[in-house]
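Have a look at the structure below before the remarks.
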Amino acid sequence: MTAAGVHESAPQAAHAPIAGHPVTAGARLAWLYLTSRRAPAAAGLLAALGAVLWAALYWHWNIAGGRAAQLFIPLVIETGIAAVIVVTTYGPFGDPERATGRWLPWLRLGAPVVLTAAGVGALAAGASAGLMPGGSLAWVRNLAGMVGVGLLCAVVLGGAFAWAAPMAYLIVSEGALVRGWTTPWAWAARPPHDFGGALCAAVVFAGGLAAFTLLGARDSGRLAVRE
């Protein structure tokens, strides 16, 4: 069997597109990235946490005590939302993905931003049931700062462990509220319009986003052994 006499491709092959439309291809790439990070499941959890906040405000769930007790439930929900967002930094492909994906930094940048915006939307929907302790500026500041802390943790320890940083920051925030610390780095304990707290949260969010965009989440030891 030889290829003699074959000088040109089939007519339908000449007209077949080599690649899809750039917009369609880009959307598919973004969707594949998000699904590999379980972003759709994360969006469902964000909606569920927003519903919990709505119920807490509607039925006036509270813990007896001072300001720290009043802020406890909203702060726990904000922490949960931040933890859900940063866990999506964990990817299953490791080095092969970093070596072949030229769009990977842009996907790393876009995914946390989109999920953080979804988290803000979930909090806004939940806050519609009543008066949110601390006001809207405070919970946007708190969420952004906690996401930044989680992204930095993902770069250092790995995406699978990124949830630990917002949880640790929750403990620090509760201590700051109880003891009356005034440092702006404990922004969750600061008043809603405190400029220093907002600036520190913004710096941490921007720093975490930049570090994750450029470096990505560190591979866990378990993934390294498999590879």
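For reference, positions follow the sequence shown, starting with 1. Only this structure's heavy atoms are used, side chains among them; waters, hydrogens and symmetry mates stay out.
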Pair up each side-chain donor or acceptor in residues 74-87 with any protein partner under 3.5 Å, not counting sequence neighbours, and list the distances.
| unit_1 | atom_1 | unit_2 | atom_2 | d |
| --- | --- | --- | --- | --- |
| Glu78 | OE1 | Asn142 | ND2 | 3.3 |
| Thr79 | OG1 | Leu75 | O | 2.8 |

Each residue besides [X] in its hydrophobic cluster should be listed here, by chain and number; the cluster joins Ile, Leu, Val, Met, Phe, Trp and Tyr at side-chain heavy-atom distances under 4.5 Å.
| X | answer |
| --- | --- |
| Trp31 | none |
| Leu137 | none |
| Leu32 | none |

Show me the donor-acceptor pairs, under 3.5 Å and distance only, between side chains in residues 107-123 and residues at least two apart or in other chains.
| unit_1 | atom_1 | unit_2 | atom_2 | d |
| --- | --- | --- | --- | --- |
| Arg108 | NH1 | Thr213 | O | 3.2 |
| Thr116 | OG1 | Pro112 | O | 2.6 |

Check: To the nearest 0.5 Å, what is the distance between CG (Leu29) and CG (Leu34)?
Finding: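 Leu29 atom CG to Leu34 atom CG measures 9.5 Å (nearest 0.5 Å).
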
Next item on the list: Please identify each residue that fulfils side-chain hydrogen bond (donor to acceptor under 3.5 Å, both in side chains) with Arg141, with sequence neighbours left out.
Entry: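 For Arg141 there are no side-chain hydrogen bond (donor to acceptor under 3.5 Å, both in side chains) partners, ignoring immediate neighbours.
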
Margin query: Please check if the number of heavy atoms outside Trp181 that lie under 6.0 Å from its CH2 is greater than 12.
Written below: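 Check passes, neighbour count above 12.
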
Side-chain donor-acceptor pairs under 3.5 Å in residues 192-208, sequence neighbours left out?
| unit_1 | atom_1 | unit_2 | atom_2 | d |
| --- | --- | --- | --- | --- |
| Asp194 | OD1 | Arg190 | NH2 | 3.2 |
| Asp194 | OD2 | Arg190 | NE | 3.4 |
| Asp194 | OD2 | Gly197 | N | 2.6 |

Check: Judged by atom type as modelled, is there a donor-acceptor pair below 3.5 Å linking the side chain of Arg218 to the main-chain atoms of Val156?
Finding: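 Checking the backbone N and O of Val156 against the side chain of Arg218, a donor-acceptor pair under 3.5 Å is found.
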
Ignoring hydrogens and angles, write down the donor-acceptor pairs under 3.5 Å from the side chains of residues 159-170, residues two or more places apart or on other chains.
| unit_1 | atom_1 | unit_2 | atom_2 | d |
| --- | --- | --- | --- | --- |
| Trp163 | NE1 | Ala160 | O | 3.2 |
| Tyr169 | OH | Trp185 | O | 2.8 |
| Tyr169 | OH | Trp187 | N | 2.9 |

Checklist line | Residue list, side chain to side chain contact (heavy atoms under 4.5 Å, CB included) with Ser136, at least two apart or on another chain | finding: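 Testing Ser136 for side chain to side chain contact (heavy atoms under 4.5 Å, CB included), a comparison that skips the adjacent residues, returns Trp139.
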
Margin query: Can you pull out every salt bridge (Lys or Arg N to Asp or Glu O under 4.0 Å) where at least one residue sits in residues 32-48? Sequence neighbours excluded, please.
Written below: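 For residues 32-48: Arg37-Glu97.
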
Distance-only donor-acceptor hits, side chain of residues 40-61, under 3.5 Å, sequence neighbours excluded:
none

